[in-house]
Amino acid sequence: MARSKTKSFQTETKQLLKLMIHSLYSNKEIFIRELVSNASDAIDKLRFKSVEDKSIAKYTKDLKIDVQVLKSESKIIISDNGIGMNEDEIVSNIGTIARSGTASFLENITGDKKKDSNLIGQFGVGFYSVFMVADKVQVISKSVFEDSDSAIMWESSGEEKYKLSEVSKETNGTDIIIYLNDENSEFAEEGRVRFLLEKYSQYINFPLNLIGEDSEPKRINDADALWLKSKRSIKDDEYKEFYKFITFDQDDPLLWAHNKVEGKNEYTNLLYIPSKPPFDLWNRESPRGVKLYIQRVFIMDDASNFLPLYLRFVRGIIDTNDLPLNVSREILQEHHLVDTIKKAVTKRMLDSLKALKKDSFDKYKEFWNEYGLVLKEGPAEDRENKDLIASLLLFASTYANSKGSDQGLDDYLERMSDDQDKIYYCVADTYEAAANSPHIEGLKSKGIEVLLLTDRIDEWVMAGLMEYQGKELVNVAKEDISDEDETKKVSEVDQDILAKIKKHLDDKVSDVIISKRLTDSASCIVLPKHEPGAQLRKILEASGQTLGSSNPIFEINMKHKLVKKLKDMKGKQFNSFVDFLYDYAVIAEGGSPQDPSKYLRQLDKYLS
């Protein structure tokens, strides 16, 4: 091509350029990421082609990307020694964007800048982000298949036309010369460019050099992408040091999971569980998630779409080849691959925790003490992994007779008798209240184990699980917990006492019955089977639900010495003593009598 040519952009390309120049991108700085990534792709393409064509294998030595910052000229030059382009390829790849889906992109334009900017990553038009910061851009490229020094220069100011010229270039590859506009002169600062290269391109596969006014190249990406190495080649200390590097945590991680998936979808994950939770663990709106890389190029911190909320404490990296480079948070919400990765890495983290529980229970207890309450959110949020999460839960138990939560549901099942078909649990505000609850007296007397639950969400968790390994989970504070089928005959005297108690407590209880569960206590309050308990009621009411008043069942132990006194009482004395027994049961539940002073006067009276 002896002389220069001036050509017009496609109509769609003109529209795209206009959008770019008016800051369609929400973040101008990513133009450097886009262009460095393109340079890396050009070198990758050269290596790939050299396998097929041995004649160009000699050009695969000393592959690199140089970014030169010329502050005095307000200019940036990004150079690679990759495969390069001839005239037809430049026109095809840049002049018309024939392969970038520009028309489809424009069809999806809504007029909302923020939404429209998120479309860019879907259609691969990232090169044009450079026109947000540049008055003029020159692309000088020489194909590796060109034997002479002849190269092609593409030049545009982002208007309707572009110019093609023949120039000289000694080496193959592409130089992109960016003439920054006055508004974006900050990008001519060497320190600013260094920060952006370290942020986005620290782990690309080829040497990345920054060249300042002193003309001395400074290597940017000397750190290894540890997650892309073979697990066998990485020592534990390397995993720990990398964790500290990416999280700025001074402590070693509790555990990590490192996997590479190949096939239909390709991605690598290196995920960590910190030894200590972040200070904002309980703020569900706080930034969370992992670092997302695409082909070694950093995309974003806090990519929350790859893990469920109950694993919000997990830190680390996910790197995939199958997402668009300029992916946005909105695109992540809709992309099918994200859901695939999320399911896989969630299962992998849960399996890692299960292995830790099996192989190092003391270390797992450290995890549980820090994150157990968060993990309990899992069964309700992740029905697919409900049973796996349930197997990781720990509770206090009447078996262990200790305050600590160190018993799992599988431990309970192993100790069950063959004829037991239910898993029993007791919910209370404190361990002592649960361990001494009247509701578990009958079960304890029969040697049946009861799980003791004291976290405020425990009843909600168990109500969500409903069963485990085919065994129903039963709240001992609710009706029908007995496994006795026979109905004991009630004497006429006892029936009369029950009727009189029910008549007096008519507005407080739905029924009065002789208890099968009490052995040491005089009375207790039992909830209907499908009515929420005190803990769950508080959670539901806090979420804005309106619940009606509770009408519990009042159970009495006819063998108890206090209850036997009722047989000799009548009238006001009888009613007053029934009130005392009812308040007695309320206090045992962790509640307060309606009239505490009256209860204390009655207590003094009956003790004297």
Let me see the working for Glu384 and Lys386 under salt bridge (Lys or Arg N to Asp or Glu O under 4.0 Å), right down to the final yes or no. CA-CA 6 Å; Glu384 187 174 335; Lys386 176 173 67 77; over 6 Å; no
Could you walk me through whether Lys342 and Asp339 satisfy the salt bridge (Lys or Arg N to Asp or Glu O under 4.0 Å) test, starting with their C-alpha distance in whole Å, then the side-chain angles of each, then the deciding distance to 0.1 Å, before giving a yes or no? CA-CA 5 Å; Lys342 180 179 180 178; Asp339 190 51; 5.8 Å; no
Salt bridge (Lys or Arg N to Asp or Glu O under 4.0 Å) between Lys244 and Asp249, intermediate numbers included: CA-CA 5 Å; Lys244 293 175 182 178; Asp249 191 350; over 6 Å; no
Test Asp455 against Lys376 for salt bridge (Lys or Arg N to Asp or Glu O under 4.0 Å), laying out the working first. CA-CA 10 Å; Asp455 287 333; Lys376 285 181 180 180; 2.7 Å; yes
Under the side-chain contact (heavy atoms from CB on, under 4.5 Å) rule, what do Val137 and Ser156 come out as? Steps first, then yes or no, please. CA-CA 6 Å; Val137 177; Ser156 175; 5.9 Å; no
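Judged as a side chain to side chain contact (heavy atoms under 4.5 Å, CB included), and not counting sequence neighbours, the contacts of Arg194 are Glu198, Leu210, Lys218, Ile220. Listed by chain and residue number, Glu52 satisfy the side chain to side chain contact (heavy atoms under 4.5 Å, CB included) test with Phe48 (two or more places apart in sequence, or in another chain). Under the rule for a salt bridge (charged side-chain N to carboxylate O under 4.0 Å, His left out), Lys231 has no partner lying at least two apart in sequence or in another chain.
Between Arg312 and Glu377, at least one side-chain nitrogen of the basic residue sits less than 4.0 Å from a carboxylate oxygen of the acidic one, meeting the salt-bridge criterion. For Glu29 and Lys199, the salt-bridge test passes: some basic side-chain N is under 4.0 Å from an acidic carboxylate O. Between Asp222 and Arg219, none of the side-chain N atoms (NZ, or NE/NH1/NH2) sits under 4.0 Å from a carboxylate O, so this pair counts as no salt bridge. Using a cut-off of 4.0 Å between Lys/Arg side-chain N and Asp/Glu carboxylate O, Lys347 and Asp351 are scored as salt-bridged.
No donor-acceptor distance shorter than 3.5 angstrom exists from the side chain of Thr346 to the backbone of Lys343, with no hydrogens or angles considered. In this structure, Asn181 contributes its side chain and Asn184 its backbone to a donor-acceptor pair below 3.5 Å. In this structure, the side chain of Asp80 does not engage the main chain of Ile43 through any donor-acceptor pair within 3.5 Å.
Environment of CG in Asp182: sparse, with no more than 12 heavy atoms of neighbouring residues, nucleotides or ligands closer than 6.0 Å. In the displayed structure, Lys276 atom NZ is contacted under 6.0 Å by at most 12 heavy atoms of other residues, nucleotides or ligands. Annotation: Arg456, atom CZ; neighbour count of heavy atoms from other residues, nucleotides and ligands within 6.0 Å does not exceed 12. Atom NZ of Lys240 is surrounded by more than 12 heavy atoms from other residues, nucleotides or ligands within 6.0 Å. Heavy-atom neighbours of Lys71 NZ from other residues, nucleotides or ligands within 6.0 Å: at or below the threshold of 12. Lys64 NZ: 12 or fewer foreign heavy atoms inside a 6.0 Å radius. With a 6.0 Å radius and a threshold of 12 heavy atoms from other residues, nucleotides or ligands, Asp214 has its CG atom above the threshold.
For Phe131 and Phe31, the ring centers sit 6.0 Å or farther from each other. Side-chain rings of Phe367 and Tyr364 approach one another, their centers coming within less than 6.0 Å. You'll find the ring centres of Tyr293 and Tyr203 inside the 6.0 Å limit.
Contact of the Arg296 side chain with the Leu228 side chain is registered, since non-hydrogen atoms from C-beta on lie closer than 4.5 Å. Between Arg315 and Pro278 there is a side-chain heavy-atom pair separated by less than 4.5 Å. Under the 4.5 Å side-chain criterion, counting only non-hydrogen atoms from C-beta, Tyr162 is not in contact with Glu155.
The shortest non-hydrogen separation linking Gly82 to Asn172 is O-ND2, 2.7 Å. Of all heavy-atom pairs between Leu323 and Phe306, the closest is CD1-CZ, 4.2 Å.
For the residue pair Tyr310 and Asp382, a side-chain donor N or O sits within less than 3.5 Å of a side-chain acceptor on the partner.
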